[in-house]
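These notes are about the structure you will find just below.
In what follows, chains carry the letters A, B, and so on, assigned in the order in which the sequence lines appear, proteins first and then strands, with residues in each chain numbered from 1. Computed from a predicted structure; not experimentally measured. Because only heavy atoms are used, hydrogens play no part in the values below, and waters and symmetry mates are left out as well, while side chains stay in.
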Amino acid sequence: MISPKPSSALILVGHGSTLNPDSSQPTHDHADTIRRTGLFSEVHCAFWKEEPSMREVLRMVDSPEVYIVPNFISEGYFTQNVIPREFGLSGRTTDLGHTVAHYTDPVGIHPSMTRLLLKRAAEVAEGIPLTECSLIIVGHGTGLNDNSTKAIKDQVEIIRAMNCGFAEVIDAYMEEPPLIADWATLTSAPNVIVVPFFIADGLHSFQDIPVLLGMESEPTAAASQIEVFRRNPYHLHGRQIYYSSAIGTEPLLAEVMLDQIAAFDTNHKPAA
Amino acid sequence: MPSSINSALASWLAAGGASIGEISITPHGSGWQLRHHADSSADPASLKPLDSPEALRELAKWDAAGNYRPLHSAPNLPSGWIASLPDLASLRLALDFLYPAALANWLRWLDGTASACSLRDTFNRQSGMYRVTGLIRDSEAESLVTSSCHDGNCLRKVLWNLDGTTPWAGFPPDKTSAPSSAPELGQPIPLLCLDLCPILLGAARETVKKRMKSESDAAKAAEAQASPA
Ligand code: SF4
């Protein structure tokens with residue numbers, strides 16, 4: 001846990017969506033959690049596709065210092081190009097005139113994400129011995145300048161090395177091999193836990209992945225989205241699938257954001 | 001740390017400031033009550049009680065028919081509720097949720113620290129899938145902006161113009177300007193558009209792509225005609 005920063009504002013930056021109302025919700029939820037801690041003088045959200053925009057949110061900042069935390073799953077086009085451009089950032093720390101901005105790494109690449117993945121896996125298949133479970137961490141794959149595939153492979157390596165008892169731990173993707181659609185041949189245990197490595201429950205985790213897994217025959221309607229996670233386990237190919245909501249909806253992600261700020265202070269903060 | 005935005009909001013309220021967007025604000029005990037303008041004369045007992053900024057954020061996410069509202073300044077905030085907020089901090093948060101950045105845009109514009117960014121400057125800095133917006137023609141921009149940003153779609157004042165000098169011919173003067181009265185005068189807070197929004201950016205991309213497609217279709221047709229198989 002970090003110590004209070006009464007002279008610092010916090011901005012969580014999400015992608016947001018003009019079509020999908022669920023896209024920005026986790027970012028708002030994590031902002032609410034951090035706001036309630038009182039650690040920062042102010043806590044705001046900003047979005048690429050929703051209001052307030054990154055240019056607008058800077059006007060809301062009243063503090064001499066602001067931490068900007070990308071609520072993204074990996075480094076990529078948004079964290080390296082769009083966010084710095086829209087905020088006018090020139091590096092890790094930028095003097096913007098009315099405030100000094102510190103730009104942290106995206107939340108998804110912090111080592112604490114491993115803890116969240118294991119917690120999600122344990123919750124979704126509660127009571128099932130891990131030795132009878134395969135764990136699949138699923139991502140999109142083939143993104144434009146997107147390192148999410150690497151972020152997932154890293155997590156898989158870390159969890160394997162921890163020897164926590166899973167029959168196997170593998171990565172799979174929607175659009176590149178190993179394909180999530182091939183889950184039945186990629187895994188061998190009677191129970192298969194699938195955790196989407198996404199920041200929000202968007203169309204991918206509500207609709208596309210359930211279809212690729214064979215849980216749904218066609219994309220479900222928006223109103224029944226949450227049902228996807230309530231009907232575990234799914235019995236398919238003589239096995240049980242336990243499907244989790246996106247890792248970014250885990251409430252503990254707010255703590256990972258604070259961890260990411262602590263990491264910034266340790267590794268990058270200029271001496272006062 | 002004292003917030004300059006909160007103190008300006010306090011001065012505005014002290015001067016009787018009571019209106020922003022579709023919302024009216026009235027003092028209530030030591031706190032504030034918010035309701036939709038359409039409910040100003042409704043019996044409070046007939047309105048659904050809300051008691052937190054977060055509840056207002058959720059309310060503002062949907063229109064009366066249950067459709068997602070990605071644009072908070074669209075004139076379709078549902079009515080039929082009354083929100084009680086205990087103090088200035090929760091009122092500030094509620095206003096930031098109902099009309100994101102509206103207070104900050106207004107105050108920074110009033111004190112001269114924020115200015116509007118022209119359509120050309122916004123489009124020309126885009127990259128990736130939005131880079132093509134830089135190819136929009138002046139006439140396309142004019143008709144896109146007048147058909148997207150009018151008061152029936154968005155209550156914001158369009159303070160940016162085409163290129164820093166060329167105004168929008170299709171709008172009445174009060175759509176492209178805002179009163180510059182200080183918070184201490186308590187006048188309704190105008191919703192300002194200083195940077196065009198992602199919805200307009202997306203629509204500009206569609207406009208350009210559609211035109212490019214029809215140009216390339218026409219070129220192909222002409223070529224086919226010139227060299228019949
Ligand atoms: S560009 Fe501005 S004025 Fe036009 S619709 Fe978007 S927010 Fe409203």
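Within 6.0 Å of atom NZ in B:K48, 12 or fewer heavy atoms from other residues, nucleotides or ligands are found, so the atom counts as exposed in its surroundings. Other residues, nucleotides and ligands contribute more than 12 heavy atoms inside 6.0 Å of the NZ atom of A:K269. For B:K210, the NZ atom sits in a loose shell: 12 or fewer heavy atoms of surrounding residues, nucleotides or ligands are nearer than 6.0 Å.
Side-chain contact between A:H28 and B:E58: absent, with no pair of heavy atoms (C-beta onward) separated by less than 4.5 Å. Contact check for B:D96 versus A:M60: side-chain heavy atoms found under the 4.5 Å cut-off. Taking the side chain as every heavy atom from C-beta outward, B:L194 and A:E56 never approach each other to under 4.5 Å. In this structure, A:F47 and B:P100 have side chains that are not in contact, with every pair of non-hydrogen atoms separated by 4.5 Å or more. In this structure the side chain of B:P70 never reaches within 4.5 angstrom of the side chain of A:E50, judged on heavy atoms.
B:Y68 and A:S17 share no side-chain donor-acceptor pair at under 3.5 Å. In this structure, a donor-acceptor pair under 3.5 Å is absent between the side chains of A:S53 and B:D195.
For the atom pair OG1 of A:T18 and CD1 of B:I199, the computed distance is 6.0 Å after rounding to the nearest 0.5 Å. To the nearest 0.5 angstrom, A:H98 atom NE2 is 5.5 Å from B:R108 atom CZ.
Proximity to chain B is limited to the backbone of A:L19, based on heavy atoms less than 4.5 angstrom apart. For B:W62, the part sitting under 4.5 Å from any heavy atom of chain A is the side chain, from C-beta outward, and nothing else. Looking at B:E54, the atoms closer than 4.5 Å to chain A (heavy atoms on both sides) all sit in the side chain, from C-beta outward. Only the side chain of B:L201 comes within contact range of chain A, with at least one heavy atom under 4.5 Å from a heavy atom of that chain. Looking at B:S73, both its backbone and its side chain come within 4.5 Å of chain A, counting heavy atoms on both sides. Of the two parts of B:F97, only the side chain, counted from C-beta on, holds a non-hydrogen atom closer than 4.5 Å to a non-hydrogen atom of chain A. At a 4.5 Å heavy-atom cutoff, B:L103 makes no contact with chain A through either its backbone or its side chain.
Top candidate by heavy-atom pairs under 4.5 Å with chain B, chosen from A:E42, A:R59, A:R55, A:Q25, is A:R59. Most heavy-atom pairs under 4.5 Å with chain A: of the set B:A89, B:G202, B:S127, this distinction falls to B:S127.
Listed here is the closest heavy atom pair of A:W48 and B:P198: O-CG, 3.4 Å.
Using a 4.0 Å cut-off between charged side-chain N and carboxylate O, B:R57 and A:D32 make a salt bridge. Between B:K61 and A:E51, none of the side-chain N atoms (NZ, or NE/NH1/NH2) sits under 4.0 Å from a carboxylate O, so this pair counts as no salt bridge.
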